[in-house]
Amino acid sequence: MLPDDYDQIDSTVRATLRDVLGLSEARAAELRAETPLFGAMPELDSMAVAGLLTEIEERLGILIEDDEVDGEMLETFGSLVRFAAAKAPR
């Protein structure tokens, strides 16, 4: 995957988190690879996860299987972006 592709996926995941969770532009811009998500971000509860993943699927044109969803994938912003990047068409 080219760096530009990864940057685009990062931007898409960041925008999706902002839109689905109602984060401010500033808060979304502050997300770093090590920023904790599930369990640390109050807006990202179990109900929001389904909407977030569905929206990521639509925006990136990927399919996320139920058995791929786990705590590790949602642990940090970086882990979510890496997961999405691995699923993205090449």
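- Expressed to the nearest 0.5 Å, how far CD of E55 lies from CD of E58 amounts to 5.0 Å.
- Considering all non-hydrogen atoms of both residues, V20 and A48 come closest at CG1-O, 4.3 Å.
- With values rounded to the nearest 0.5 angstrom, L80 atom CG is found 4.5 Å from I56 atom CD1.
- Summarising the geometry, atom CG belonging to L37 is positioned 11.0 Å from atom CE belonging to M73; distances are rounded to the nearest 0.5 Å.
- To the nearest 0.5 angstrom, E65 atom CD is 6.0 Å from K87 atom NZ.
- T35 contributes a side-chain N or O that, together with a main-chain N or O of R32, makes up a donor-acceptor pair within less than 3.5 Å.
- If you take CD1 on I62 and OG1 on T12, they are separated by 10.0 Å, rounding to the nearest 0.5 Å.
- The shortest distance between side-chain heavy atoms of R59 and D19 falls below 4.5 Å.
- Counting all heavy atoms, side chain and backbone alike, M41 lies closest to L31 at CE-CD2, 3.9 Å.
- Within the 4.5 Å cutoff, no side-chain heavy atoms of F83 are placed close to those of L74.
- Distance check: L17 CG to L44 CG gives 7.0 Å after rounding to the nearest 0.5 Å.
- The closest side-chain heavy-atom distance from F77 to R14 is below 4.5 Å.
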